[in-house]
Asks: 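Sending over a structure as structure tokens; questions will come in a sec.
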Amino acid sequence: MEIKAIRGFNDILPDEIGKWQFLEITAREVFEGFGFSEIRIPILERTELFSRGIGEATDIVEKEMYTFTDRSGNSLTLRPEATASMARAYLEHQLYTFDPVAKLYCIGPMFRYERPQKGRFRQFYQIDAEVFGVENPMVDAEVIVMLIDFLKRVGLEKLELQINSLGCRDCRPRYREELKKFFAQKAFQLCEDCRRRLDTNPLRIFDCKVETCREAIVDAPKVIHFICSKCKMHFDQVKGYLETAGLSYVLNPKMVRGLDYYTRTAFEVVSYQLGSQNAVTGGGRYDNLFQEIGGLDIPGIGFAIGMERLVSLLPKDKEFIQTPHLFVAILGEKTIKEAYRIINQLHLQGIRAECDYEGKSLKSQMRRADKLKAQYVLILGENELKRGKAVLRNMGNKVQEEIPILDLVNIIKEKARHQE
RNA sequence: GUGAGUGUAGCUCAGUUGGAUAGAGCACUGGGUUGUGGCCCCAGUGGUCGAGGGUUCGAGUCCCUUCACUCACCCCA
């Protein structure tokens with residue numbers, strides 16, 4: 001094997017595609033039930049959209065983007081996330097002129113140049129949902145409830161919803177300074193990385209796994225105590241609505257987000273079965289994004305679900321693999337043409353009929369039928385054909401019957417219907 | 001970008017202190033009386049031992065380089 005898929009880019013093979021389709025269908029059902037519409041956006045955008053939207057100083061923009069210059073000299077980037085593009089589309093097509101409130105979802109691949117590991121790939125799929133144009137905390141709860149409902153519908157248990165408030169443009173800088181002061185005093189017990197973070201992004205220290213840093217974190221000031229009264233009120237209302245909806249959550253004052261545009265409500269759903277990359281989904285409010293990309297002052301909130309992480313959590317016992325309704329065993333040269341005629345008719349009627357193409361022995365054909373888990377085998381031999389009949393074998397109970405070829409398609413359609 | 005681990009048949013892995021034609025299970029193909037599956041039995045196909053260099057009479061085994069994969073850090077979905 002010479003040419004292989006490139007690092008971090010994976011094939012999703014037929015034996016697992018059922019799970020993916022299941023997730024997509026369920027997401028569409030649930031989201032559309034909540035009044036969301038699908039939007040499809042390009043995979044390539046002008047680099048500027050992301051550098052301004054996500055934030056120049058974020059890891060994504062600094063070192064994780066697939067950026068290149070096209071033949072006419074424009075700097076383009078494979079989308080590392082969907083929110084910025086969705087916001088761009090909303091502005092570009094002035095969707096707000098139809099209705100200031102837009103509820104959108106989008107399913108597709110994202111690209112980030114990172115070192116792959118468990119649950120992390122260079123091309124990975126996300127299910128995104130966003131609400132543009134509403135500042136009211138009611139919609140924060142609405143989005144979170146929809147997300148949890150989706151996760152329940154796909155059969156996930158043992159998940160934990162964590163929420164936090166990150167404050168806004170006014171109060172977050174104050175908190176940041178406070179945090180800097182605090183950790184500066186404790187710099188001696190911080191690891192090398194965290195001392196660097198002190199300057200670049202002190203909030204990130206909360207994520208550190210080094211023992212001594214964790215100790216330093218314990219009595220660090222919490223965002224929640226520093227957010228302004230407006231942000232606090234917003235957060236309190238979000239919690240209130242979640243309680244009204246009957247959702248339980250865990251406050252995680254240490255949760256921070258890696259993208260600059262996040263403000264106020266931030267949330268994550270984590271699983272303890274995922275390994276190091278334990279966030280199945282993450283999201284939050286981003287009331288500054290639209291202005292960053294040069295648009296109007298429009299608030300937004302949304303989330304992204306990591307599909308491969310979700311797929312890996314899906315129960316294994318679910319049978320997603322499609323099996324043939326029928327296997328046609330062909331015996332003898334003379335029957336090939338008639339067999340083809342029958343198989344063709346079955347296919348046109350939506351019957352999954354398989355057959356042998358290489359004139360193999362009946363034994364070999366039966367073995368394959370069994371391997372493919374075909375419920376029935378139709379044996380077409382010269383003897384039966386002369387009498388206008390064929391043998392139909394039920395592989396489950398080994399019962400065989402002779403059926404007239406003229407009624408064959410109808411009989412098999414009937415049997416196939418019972419199988420579904 | 002950093003660190004650790006692993007690369008032997010399609011898959012999962014054996015391969016002893018370097019020693020002769022590189023093994024097993026599963027999978028695949030055929031067969032076990034004429035046209036009947038799963039279990040069982042027999043046989044067969046399949047490997048430049050990741051790649052390149054070096055040490056040696058001799059390397060899958062030791063050394064160096066390189067590539068790939070995996071996990072972790074970083075960060076995130």
Side-chain angles (χ1 to χ4, degrees), chain A residues 1-2 4-8 10 54 57-64 79-83 107-129 147 191-194 196-197 200-201 203-204 207-210 255-259 262 266-271 274-284 302-313 327 329-332 335 356 358 360-385 390-400:
Chain A
M1 207 32 205
E2 295 194 323
K4 297 200 287 188
I6 57 182
R7 163 170 253 192
N10 299 118
I54 299 171
T58 58
D59 276 31
I60 290 181
V61 172
E62 264 181 3
K63 49 188 197 194
E64 294 173 6
R79 63 183 189 199
E81 57 116 45
T83 311
I107 302 174
M110 307 297 156
F111 305 85
R112 290 183 203 171
Y113 191 87
E114 298 178 271
R115 196 82 160 251
Q117 69 181 74
K118 191 180 177 71
R120 195 172 70 187
F121 314 95
R122 288 183 171 179
Q123 174 174 334
F124 59 100
Y125 291 79
Q126 287 190 335
I127 301 175
D128 272 86
L147 170 63
C191 68
E192 207 180 312
D193 280 332
C194 284
R196 179 176 49 79
R197 289 186 187 121
T200 55
N201 193 348
L203 279 79
R204 281 253 148 254
D207 276 346
C208 191
K209 281 143 193 154
V210 177
M255 182 171 68
V256 290
R257 311 255 72 203
L259 284 62
Y262 282 114
F267 55 92
E268 246 171 50
V269 176
V270 301
S271 160
L274 271 180
S276 183
Q277 310 301 327
N278 65 356
V280 186
T281 94
F303 59 78
I305 303 168
M307 284 188 77
E308 28 286 273
R309 290 180 191 179
L310 198 46
V311 164
S312 73
L313 289 174
F327 187 93
I330 304 165
L331 297 171
T335 54
D356 163 63
E358 292 168 67
K360 294 198 171 166
S361 68
L362 179 59
K363 177 181 194 141
S364 153
Q365 295 190 57
M366 292 297 285
R367 276 186 179 162
R368 193 155 91 93
D370 184 58
K371 186 179 66 186
L372 297 175
K373 295 192 171 75
Q375 264 302 304
Y376 289 91
V377 172
L378 185 75
I379 301 169
L380 278 177
E382 293 178 20
N383 302 342
E384 291 85 359
L385 216 58
V391 174
L392 186 65
R393 178 181 177 87
N394 181 326
M395 294 295 270
N397 58 19
K398 300 182 174 185
V399 173
Q400 292 192 181

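Within every chain, numbering begins at 1; the chains are lettered A, B, ... in the order of the sequence lines, protein sequences first and strands thereafter.
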Asks: Can you tell me the Watson-Crick or wobble partner of B:A77, both distances under 3.5 angstrom?
Replies: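 Matched B:A77 with nothing under the 3.5 Å cut-off.
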Asks: Report each atom pair, protein N/O against N/O of nucleotides 45-52 of chain B, whose distance is under 3.5 angstrom.
Replies:
none

Asks: Could you pull out the closest heavy-atom pair between A:D128 and A:A304, with the gap in Å?
Replies: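 Closest pair (atom of A:D128, atom of A:A304, distance): OD2-CB, 3.6 Å.
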Asks: Can you tell me the pairing partner of B:A9 across any strand shown, Watson-Crick or G-U wobble, with both distances under 3.5 angstrom?
Replies: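 Base partner found: none.
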Asks: Please name the pair of heavy atoms, one in A:P80 and one in A:F124, separated by the smallest distance, quoted to 0.1 Å.
Replies: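 Heavy atoms of A:P80 and A:F124 come nearest at O-CZ, 4.1 Å.
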Asks: In whole Å, what is the span from the CG atom of A:L362 to the C1' atom of B:U29?
Replies: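 Whole-Å distance recorded here is 17 Å.
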Asks: For residues A:L380 and A:L385, determine if any side-chain heavy atom of one lies less than 4.5 Å from a side-chain heavy atom of the other.
Replies: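 Result yes, sub-4.5 Å side-chain heavy-atom pair found.
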Asks: Starting from the 5' end of RNA chain B, give me the residue, A:S364 or A:E81, whose nearest nucleotide shows up first.
Replies: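 The 5'-side residue here is A:S364.
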Asks: Any side-chain heavy-atom pair from A:E268 and A:T281 closer than 4.5 angstrom?
Replies: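 Sidechains of A:T281 and A:E268: no contact.
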Asks: Can you name the nearest heavy-atom pair linking A:P116 to A:G8, along with the distance?
Replies: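 Nearest pair, atom of A:P116 first, then A:G8: CG-CA, 3.9 Å.
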Asks: What about A:E384: does its side chain form a donor-acceptor pair under 3.5 Å with the base of B:G35?
Replies: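 Checked by distance alone, the answer is yes.
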Asks: Please report the distance separating the C1' of B:U12 from the corresponding atom of B:G7, rounded so that it comes out in whole Å.
Replies: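 So the two C1' atoms sit 14 Å from each other.
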Asks: Scan every strand shown for a Watson-Crick or G-U wobble partner of B:U29, both distances under 3.5 Å, and answer none if you come up empty.
Replies: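 Pairing partner, where one exists within any strand: B:A43.
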Asks: Under 3.5 Å, side chain of A:Q375 to main-chain N/O of A:G396, donor-acceptor pair present?
Replies: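 Pair absent, no side-chain N/O of A:Q375 close to backbone of A:G396.
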Asks: What contact category does A:V377 fall into here, base, sugar-phosphate, or nothing, at under 4.0 angstrom with non-hydrogen atoms?
Replies: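 No contact.
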Asks: Please find the pair of heavy atoms, one from A:F111 and one from A:Q123, that lie closest to each other, and give the distance.
Replies: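 Result for this residue pair: CE2-OE1, 3.3 Å.
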Asks: Once you apply the 3.5 Å cut-off to both distances, tell me the Watson-Crick or G-U wobble partner of B:A22, or none.
Replies: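 Pairing partner: none.
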Asks: Checking base pairs now: Watson-Crick or wobble, both atom distances under 3.5 Å. What partners B:U55?
Replies: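 None - no nucleotide pairs with B:U55, as no candidate has both distances under 3.5 Å.
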Asks: If you measure from the C1' atom in B:U16 to the same atom in B:G3, how many Å do you get, rounded?
Replies: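 The answer is 32 Å between these two C1' atoms.
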Asks: Using the C1' atom as the point on both nucleotides, what is the distance between B:C67 and B:G46, in whole Å?
Replies: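 It works out to 25 Å between them.
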Asks: Expressed in whole Å, how much space separates the P atoms belonging to B:U65 and B:U61?
Replies: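 Nearest-Å result for B:U65 against B:U61 at atom P: 16 Å.
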Asks: Identify the pairs formed between an N or O of the protein and an N or O of nucleotides 66-71 of chain B at a distance under 3.5 Å, and give each distance.
Replies:
from: B:C69; atom 1: OP2; to: A:R7; atom 2: NE; distance (Å): 2.9
from: B:C69; atom 1: OP2; to: A:R7; atom 2: NH2; distance (Å): 3.3
from: B:C71; atom 1: OP2; to: A:K118; atom 2: N; distance (Å): 3.0

Asks: Kindly indicate whether the side chain of A:E81, heavy atoms from C-beta on, has any atom under 4.5 Å from the side chain of A:R112.
Replies: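 SC-SC contact between A:E81 and A:R112 confirmed.
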Asks: Taking only the side-chain nitrogens and oxygens of A:S361, find out if one of them lies under 4.0 Å from OP1 or OP2 of B:G30.
Replies: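 So the side-chain polar atoms of A:S361 never come under 4.0 Å of the phosphate oxygens OP1 or OP2 of B:G30.
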Asks: For the pair made of CD in A:E114 and P in B:A77, what is the distance, rounded to whole Å?
Replies: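 Going from CD in A:E114 over to P in B:A77 covers 10 Å.
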Asks: Reckon A:N383 touches a base, only the sugar-phosphate, or nothing at all at heavy-atom distances under 4.0 Å?
Replies: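 Here A:N383 touches the bases of the nucleic acid.
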Asks: Please state whether the phosphate of B:G30, meaning OP1 or OP2, lies under 4.0 angstrom from any side-chain nitrogen or oxygen of A:K360.
Replies: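 So the side-chain polar atoms of A:K360 do come within 4.0 Å of the phosphate oxygens OP1 or OP2 of B:G30, strictly under.
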Asks: If we call it a pair only when both distances are under 3.5 Å in a Watson-Crick or G-U wobble match, what pairs with B:G35?
Replies: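 When the pairing criteria are applied, nothing turns out to pair with B:G35, so the answer is none.
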Asks: Mind checking the P distance from B:C62 to B:A20? Whole angstroms is fine.
Replies: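 Going atom to atom, P in each nucleotide, I get 16 Å.
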Asks: Under 4.0 Å, heavy atoms only, any strand: does A:A304 hit a base, just the sugar-phosphate, or nothing?
Replies: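 Answer is sugar-phosphate: A:A304 comes under 4.0 Å of backbone atoms only.
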Asks: Nearest heavy-atom pair of A:R122 and A:E114: which atoms, and what distance?
Replies: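 Nearest heavy atoms, A:R122 then A:E114: NE-O, 2.7 Å.
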Asks: Please determine whether any donor N or O and acceptor N or O are separated by less than 3.5 Å between the side chain of A:R368 and the base of B:G37.
Replies: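 By the distance-only test, no, there is no pair.
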Asks: Would the base of B:U36 count as contacting A:Q400 through its side chain, where contact means a donor and an acceptor less than 3.5 Å apart?
Replies: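 Per atom types, the contact qualifies.
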Asks: Classify the nucleic acid contact of A:L310 as base, sugar-phosphate or nothing, counting any heavy atom under 4.0 Å across all strands shown.
Replies: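 It contacts nothing in the nucleic acid.
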Asks: Looking only at heavy atoms, what is the nearest atom pair of A:R309 and A:A279, with distance?
Replies: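 Looks like NH1-O, 2.9 Å.
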Asks: Starting at CG of A:L392 and ending at P of B:U36, how long is that distance when rounded to a whole Å?
Replies: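 Checked: the CG to P distance equals 17 Å.
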Asks: With nearest nucleotide decided by heavy atoms, which residue, A:Y113 or A:K63, maps closer to the 5′ end of RNA chain B?
Replies: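 First, find each residue's nearest nucleotide; the 5'-ward one identifies A:Y113.
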Asks: Looking at B:U70, which nucleotide sits across from it as a Watson-Crick or G-U wobble partner, both distances under 3.5 angstrom, or is there none?
Replies: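 WC or wobble partner is B:A4.
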Asks: Side chain of A:R367: nearest nucleotide among B:G37, B:G35, B:C28?
Replies: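 The answer is B:G37, which lies nearest to the side chain.
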Asks: Among residues at least two apart in sequence or on other chains, which ones pass side-chain hydrogen bond (donor to acceptor under 3.5 Å, both in side chains) with A:E384?
Replies: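 None.
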Asks: What distance, rounded to whole Å, do you find between the two C1' atoms, one in B:G15 and one in B:A59?
Replies: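 Their C1' atoms lie roughly 13 Å apart.
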Asks: Is any side-chain heavy atom of A:R393 closer than 4.5 Å to a side-chain heavy atom of A:M366?
Replies: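 Heavy-atom side-chain distance check passes, below 4.5 Å.
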Asks: Hey, is the side chain of A:R120 pairing donor to acceptor with the base of B:C74 inside 3.5 Å?
Replies: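 Yes, a donor-acceptor pair under 3.5 Å.
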Asks: Roughly how far apart, to the nearest Å, are B:G37 and B:G32 at atom C1'?
Replies: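 Their C1' atoms lie roughly 15 Å apart.
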Asks: With both distances kept under 3.5 Å, what pairs with B:U16, Watson-Crick or G-U wobble?
Replies: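 Paired with no nucleotide.
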Asks: Suppose you measure atom P in B:A51 against the same atom in B:C28; what distance do you get, rounded to whole Å?
Replies: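 One P to the other, the span is 28 Å.
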